[in-house]
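In what follows, a structure is listed as structure tokens, so that the remarks can point back to it.
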Amino acid sequence: MRILSSEVREHIGEAVHVEGWLHKKRLLGGLTFINVRDRRGLTQVVLQDKDEVEKLRGLQIGTVLAVEGTVKEEPRAPGGAELHDAKITVLVPVTDEPPIEIDKPLSHKPENLDTLFDNRVIGLRNLQEQTIFKVQAKVLEAAREYFIQNGFTEMNTPKLLAGATEGGAEVFKLDYFGKEATLAQSAQFYKQMMVGVFERVFETNPTYRAEPSATTRHMTEYITIDAEMGFIEFDDLLTFTSGLINHVADRVWEAYGDELKKWNVEKPVLTPNFPRLTMAEVHALYAKANKDDYSAEDDLRPDEERWICEYAKKELGSEAVFVTDWPASSMKFYHRKKADNPELADRSDLLFRGVEIATAPMREHRYEVLVQQLKDLAHGDPEHPGFKPYLSAFKYGLPPHGGFGMGLERLTEKLLNLGNVKEATLFPRDINRLGP
RNA sequence: GGGCUCGUAGUGAAGAGGCCUAUCACGCCUCCCUGUCACGGAGGAGAUCGCCGGUUCGAAUCCGGUCGGGCCCGCCA
């Protein structure tokens, strides 16, 4: 029966059977070490029989092997145990050299992203690359756990839509049996409508933006962790979001802390409830410490976002920070103006390690006000089939509510201190790439 | 969409008119090595320098075009 690399240590003195991929060969003359990779990691196998070593001649990293051997406790071996007197069976021989190196020395510079993505299937066999996606899976698992603990219902809303009504980003258009359809740019309307059913909902699904953006933080397809909750106020929303990120970071480091230490990834420093700064405060702090002053602008410059995160880490003890009090002039029609200052919106952006990872606003839940904002801000027709069902949810009763859309890949990227959101995407899609 | 940059063995880089018959590191092949740790040592194979055209006695190197990347900005998650 096959055992996994992580179980080898429990079988000291026993004959065991492992299967996996040839990950590394080290020939030391009379002694050969090989590493066999399986889903849990590596098993070290010691070969002294020349005939066994000879079976691997001409075979490349990636060859699929079965190994029978006796587990020996050995402090010099990684993990404290290794296989001796091993008999190797080649299950799938690989004779072609892999297009990119799998087990690279630390001195090896990373591939250009284009090369990396062209050879994604092979490159992911690198342990460090794998860790990115094990972490991402854990992020999703931990987020789901947190939502469910807090009374959310998971849902899945359509990504094929009749037309673009939300406004803002460019949308992809496609032929739908002779009619024009679009790909969803967010779950915005659906999650608000579902507040009227479940109070608290979330989903983790792809979303599509036809923006011709070529930056380290944009893709045309990405996963959004979308949540919406009713019967809350702005403060509740920010507290909840802080709790989510903390929970995710805790779970990820519980599961992969040792591994991440090897790659020199530090657990983020976070306060239980993230610090909050108004946009005006960010502009002012930035202007005071830097040459440029962007106080006149109704948005943050990317450089301000990076700088304020450094500031928050040093001065406020948190690598995540909320920026609040956004100008109402640039808000979406479904956002809510502040009750005590209609010039500002009840909106926040969550900045983490220099990048915006989420937008968390309160929504306008009063039917009459919303219809007016739709007309004024979006020049939309309330009778349009794209708006009518949405508005009916309000007409027939929606409580005060708010929520957020959080980029899964951006969150993963920043948790791991990667340089590009695409590195945190298995098969990234951007303006230039549609495969593999 | 705007700006700035870069295309050289399988991978990552150096070379910036003749020292190039193109250099280095990793990988690959052969050999040596009994405790490696993303081992070490010796030797070897592998590149019509993205493509097309031009300038020149001579182009990886200069110019024009073309194709493909990267980064920044705008916009956003």
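To find a chain, count down the sequence lines: A is the first, B the second, and so on, and within it residues start at 1. Fair warning: this is a prediction, and the values are worked out from it, not measured in the lab. Just the heavy atoms: all of them, side chains too, but no hydrogens, waters or symmetry mates, feed the values below.
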Worksheet item: Between Y208(A) and R429(A), is any side-chain donor less than 3.5 angstrom from a side-chain acceptor?
Response: no
Discussion item. Applying a 4.0 Å non-hydrogen cut-off, can you work out what N112(A) is touching in the nucleic acid: base, sugar-phosphate, or nothing?
Written reply: sugar-phosphate
Discussion item. Once you apply a heavy-atom cut-off of 4.0 Å, does P212(A) come out as touching a base, just sugar-phosphate, or nothing?
Written reply: base
Item to complete: Would you indicate which nucleotide in G35(B), G68(B), A77(B) comes nearest to any side-chain atom of T359(A)?
Response: A77(B)
Worksheet item: Where the side chain of I100(A) is concerned, which of U11(B), A77(B), G35(B) is the nearest nucleotide?
Response: U11(B)
Item to complete: Check whether the side chains of T157(A) and K159(A) place a donor and an acceptor atom closer than 3.5 Å, and report yes or no.
Response: yes
Discussion item. Quick check: any donor-acceptor pair below 3.5 Å linking the side-chain of R410(A) to the base of C76(B)?
Written reply: yes
Discussion item. What is the separation between atom CG on L113(A) and atom P on C71(B), rounded to the nearest whole Å?
Written reply: 6 Å
Discussion item. Between E364(A) and K337(A), does any side-chain N to carboxylate O distance fall below 4.0 Å?
Written reply: no
Item to complete: State whether the distance check finds a donor on one side and an acceptor on the other, under 3.5 Å, for side chain Q60(A) versus base G27(B).
Response: no
Fill in: Out of C28(B), G35(B), C76(B), whichever nucleotide has its closest atom nearest the side chain of E97(A)
C28(B)
Worksheet item: To the side chain of R26(A), which of A77(B), C37(B), G68(B) is closest?
Response: C37(B)
